[in-house]
Amino acid sequence: MDNELCKTLNLRFPLIQAPMAGVSTPELAAAVSNAGALGSIGVGASTPQQAEAMIRQSLALTSGPLNVNVFCHAPAQRDAQRESAWIARFDERFRRFDAAPPAELSEIYQTFCGNDAMLEVLLATRPAAVSFHFGLPSADFIRRLKSQGIVTLATATSPEEAQVIEAAGIDFIVAQGIEAGGHRGIFNPRAEDRALSTFTLVQAIRQVSRLPVIAAGGVMDGAGIAAMMTLGVTGVQLGTAFVLCPESAANAAYRQLMKSAQSASTVMTAAISGRPARCITNDFCRMMQDVPVQAIPDYPLTYALGKALAGAASAKGDHGYGAQWAGQGAPLARELPAAELVNALVAEWQAAEDLTMG
Ligand SMILES: Cc1cc2nc3c(=O)[nH]c(=O)nc-3n(C[C@H](O)[C@H](O)[C@H](O)COP(=O)(O)O)c2cc1C
């Protein structure tokens, strides 16, 4: 296929299974890569040791290309008053589950920025691609990855972020629309967010950047892929569509919710992790709907409490507090093995192209 993404990464199809920290697995990524698309794992929530194990496990399961995704957020700004007020806000809710809130919030994940140990893991394991979310690492990190022949991708949620990505010498822009499930890749979560749809964002980025664009957000079937390709993107990245694959790490409660009528309602909230992310509207989201963003501690401090609350609730059989990320297309997700899903997407895409060609 004469397509830039396919040529660069030796793919049969210009489709990417989105990296999904906590949900994507080596088995999922390998199944997708073996089917001719690009499989991804997310190591944003992993230590360098855990990341190395996941990467090596993935590479043992496929000889195809692998994308490894890291988080490039600015380190959390501590604010003792805001943090203690946040903890106090949840006291009653923890008590309901016979538990107590954490005494303090902690940075449960380290950013990739300045994380030499994680860089060494990537340089030693050499996945075909590395993608950045929440911003970019230093010019030195980017140069060292590229010098190993690693292809780089970065998420943009606005044309301005796309320009920063191009200036940094990244190879591909992942244009993430507001429909997308999971964390929004916005560089500065406290800046204004114009919340552009994937459709508008792709066009806006193509106006200001010559880099090849990958569309992410709201694409659930082959007709959706065809529509995005018509806008001139080089590929499409799908996350929510892969959550129900048996190879994903989504737990039983999350899967049940995805398959229920409730999945038609999703909401963007920063209250679970400290950064805006699209989640199925569960009890946690409802509890947080009127909380002002200024009250929310920085990412990932907030996530330390979010995870503790989800754990306390599920220990009592209540699964309404998890990070049940999903995009607006959640009701359209199919429960198929990943390779079958890739084949179905490609067949539908082909059928949609044939229709438009008459
Ligand atoms: C469960 C879930 C977890 C996600 N985790 C990550 C992640 O770790 N890194 C990342 O770059 N994007 C992550 N995303 C966002 C995806 O990369 C992508 O932008 C999004 O899935 C596209 O929209 P869609 O869900 O409508 O397909 C996640 C998405 C979901 C649904």
Side-chain angles (χ1 to χ4, degrees), residues 15-25 28-29 32 37-46 51 54 67-73 109 111-112 129-136 152-157 161 165 170 172-187 196-199 201-202 213-221 224-225 227-228 233 235-245 248-251 254-255 257-258 263-264 266-268 272-273 275-280 282 299-300 303 322-334 341 345:
L15 302 179
I16 303 178
Q17 163 256 313
M20 297 181 280
V23 171
S24 52
T25 59
L28 180 64
V32 170
L38 180 62
S40 310
I41 53 171
V43 300
S46 307
M54 272 174 80
N67 173 39
V68 178
N69 176 259
V70 290
F71 292 157
C72 296
H73 52 283
Y109 311 137
T111 173
F112 179 62
V130 167
S131 65
F132 308 118
H133 207 47
F134 302 153
L136 295 174
T152 52
L153 297 77
T155 305
T157 62
E161 288 173 355
I165 291 168
I170 302 295
F172 292 90
I173 296 169
V174 179
Q176 188 195 37
I178 195 69
E179 305 92 322
H183 278 105
R184 192 149 168 72
I186 191 164
F187 288 14
L196 299 180
S197 66
T198 309
F199 190 85
L201 179 63
V202 163
V213 177
I214 293 154
V219 179
M220 300 301 291
D221 61 20
I225 295 168
M228 284 301 150
V233 298
V236 178
Q237 176 163 308
L238 302 88
T240 303
F242 284 93
V243 172
L244 286 178
C245 293
S248 100
N251 65 22
Y254 186 4
R255 287 173 189 272
L257 190 65
M258 281 284 295
S263 73
T266 63
V267 65
M268 189 69 79
I272 295 179
S273 75
R275 269 185 162 266
R278 186 171 293 283
C279 189
I280 299 176
N282 59 20
Y299 177 91
Y303 218 173
Q324 289 148 337
W325 308 138
Q328 290 178 340
L332 305 174
R334 290 171 267 189
L341 179 56
L345 291 168

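Side chains included, hydrogens not; waters and symmetry mates left out as well; all remaining heavy atoms used. Whatever order the structure lists them in is the order used to number ligands and atoms, beginning at 1.
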(request) Please work out which of the three classes, parallel, tilted or perpendicular, describes the rings of F71 and F134, given edges at 30° and 60°. (result)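 Tilted, since the angle between the ring planes falls between 30° and 60°.
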
(request) Give the ring-plane orientation class for Y109 versus Y299, where under 30° counts as parallel, over 60° as perpendicular and anything between as tilted. (result) tilted

(message) Taking non-hydrogen atoms within less than 4.0 Å of ligand 1, which protein residues qualify?
(response) A18, P19, M20, A21, V23, N69, F71, H133, Q176, A180, G181, G182, A216, G217, G218, Q237, L238, G239, T240, Y254, W325

(message) Tell me the closest heavy-atom pair linking C245 and L341, and the distance in Å.
(response) SG-CD2, 3.9 Å

(request) Could you tell me which non-hydrogen atom of V243 sits nearest to which non-hydrogen atom of R255, and how far apart they are? (result)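 The pair with the smallest heavy-atom distance is O-NH1, 4.0 Å.
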
(request) Can you spot which of I16, V219, I214 makes a side-chain contact (heavy atoms from CB on, under 4.5 Å) with V236? (result)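 Between V236 and the candidates, side-chain contact (heavy atoms from CB on, under 4.5 Å) is satisfied uniquely by V219.
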
(message) Could you tell me if the side chain of F187 sits less than 4.5 Å from the side chain of I165, heavy atoms only?
(response) yes

